[in-house]
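We use all heavy atoms of the structure for the numbers below, so side chains are in, but hydrogens, waters and symmetry mates are not. Computed from a predicted structure; not experimentally measured.
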Amino acid sequence: SGTIGGAVTVNAAGTLAPGSGIATLTTGSAVSFSNGATLGFQYESNLLTADLLRMAGTLSLSGTVPLSVADLGPDVPVSPGTIFSMINYGGPLAGSGLFSYGGTSLADGDTFVVGSNTWQIAYSSTTAGVNVTSALPSGSFVNLISVPEPTTWALLGSSAVIAALLRRRGRGSLRRA
């Protein structure tokens with residue numbers, strides 16, 4: 001945690017994390033992640049708190065940048081739609097790189113699972129997460145958005161089909177009477 005006055009470059013095999021535990025790291029300029037550099041990100045699902053990397057300048061991603069994501073609290077499901085901002089950047093998003101998790105590259109909108117939570121990544125969001133107390137003016141965010149697990153959608157879909165069939169069956173028996 002703290003402030004770095006100038007630009008930051010994270011080289012291959014290097015890791016940048018806002019701090020030990022939940023913290024905010026602010027840089028006065030750009031941050032560049034080289035291919036193979038890692039972003040460490042921690043959150044607490046039970047308290048809805050999370051790390052934040054804030055930078056006044058450009059966020060640059062080259063190649064594949066692994067995410068090291070950890071839930072520091074008890075593993076509890078987060079309400080769908082909950083947003084954690086990993087990065088708040090004041091300049092443009094540059095480079096053709098992507099974050100990855102578990103060896104899988106994450107394009108904008110892709111999902112991955114940490115514990116009992118499924119997260120969707122958004123690289124250029126204008127919405128601040130629950131962990132952001134003061135955003136950069138005109139800044140953008142790299143966000144993680146909690147989405148329901150696919151099994152939740154399957155259960156909801158099955159319930160809707162059963163309800164529709166029961167309604168249909170009920171109407172049919174009324175007509176026969």
Side-chain angles (χ1 to χ4, degrees), residues 1-73 78 81-115 117-147:
S1 65
T3 302
I4 299 171
V8 175
T9 299
V10 187
N11 293 318
T15 299
L16 180 62
S20 177
I22 304 301
T24 297
L25 177 63
T26 302
T27 70
S29 189
V31 175
S32 298
F33 288 92
S34 300
N35 184 44
T38 299
L39 173 62
F41 178 76
Q42 299 173 328
Y43 68 95
E44 290 190 43
S45 56
N46 60 323
L47 299 176
L48 296 180
T49 60
D51 283 342
L52 178 63
L53 174 60
R54 294 183 61 200
M55 67 194 70
T58 300
L59 169 61
S60 180
L61 302 174
S62 297
T64 302
V65 179
L67 289 175
S68 173
V69 181
D71 187 349
L72 300 180
V78 175
T82 299
I83 300 171
F84 286 141
S85 294
M86 292 193 305
I87 302 172
N88 180 200
Y89 56 98
L93 177 61
S96 59
L98 295 173
F99 287 112
S100 68
Y101 185 78
T104 301
S105 292
L106 301 169
D108 195 53
D110 283 352
T111 61
F112 63 99
V113 177
V114 178
N117 291 291
T118 301
W119 298 102
Q120 180 181 52
I121 193 164
Y123 285 88
S124 297
S125 180
T126 56
T127 303
V130 295
N131 58 315
V132 177
T133 55
S134 66
L136 295 168
S138 304
S140 297
F141 301 90
V142 177
N143 285 339
L144 297 183
I145 303 127
S146 176
V147 296

Just jot down the side chain to side chain donor-acceptor pair (under 3.5 Å) partners of [X], sequence neighbours excluded, or say none.
| X | value |
| --- | --- |
| Thr127 | none |
| Asp51 | none |
| Thr26 | none |
| Asp71 | Ser45 |

For the pair [X] (side chain) and [Y] (backbone), establish whether a donor and an acceptor sit closer than 3.5 Å, ignoring hydrogens and angles.
| X | Y | value |
| --- | --- | --- |
| Ser85 | Gly129 | yes |
| Gln120 | Gly109 | yes |
| Gln42 | Gly21 | yes |
| Ser146 | Val78 | yes |

[X] to [Y] - nearest heavy-atom pair and separation:
| X | Y | result |
| --- | --- | --- |
| Leu67 | Tyr101 | O-CD1, 3.6 Å |
| Met86 | Ile121 | CE-CD1, 4.2 Å |
| Tyr123 | Val142 | O-CG2, 3.6 Å |
| Thr27 | Gly6 | CB-O, 4.0 Å |
| Asn11 | Ala37 | O-CB, 3.4 Å |
| Val10 | Thr15 | CG1-N, 4.0 Å |

Thr118 and Val113: CA distance, side-chain angles, deciding distance, side-chain contact (heavy atoms from CB on, under 4.5 Å) verdict: CA-CA 4 Å; Thr118 301; Val113 177; 3.6 Å; yes
Could you give all pairs that pass the side-chain hydrogen bond (donor to acceptor under 3.5 Å, both in side chains) test and reach residues 88-97, with sequence neighbours left out?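 Matches after skipping sequence neighbours: Tyr89-Ser124.
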For residues 35-65, which residue pairs pass the ring pair (Phe, Tyr, Trp, His ring centres under 6.0 Å) check, not counting sequence neighbours? Tyr43-Phe84, Tyr43-Trp119
Roughly how far, to the nearest 0.5 Å, is [atom2] of [Y] from [atom1] of [X]?
| X | Y | atom1 | atom2 | value |
| --- | --- | --- | --- | --- |
| Leu39 | Phe99 | CG | CZ | 5.0 Å |
| Leu16 | Leu53 | CG | CG | 5.5 Å |
| Ile83 | Ser125 | CD1 | OG | 6.0 Å |

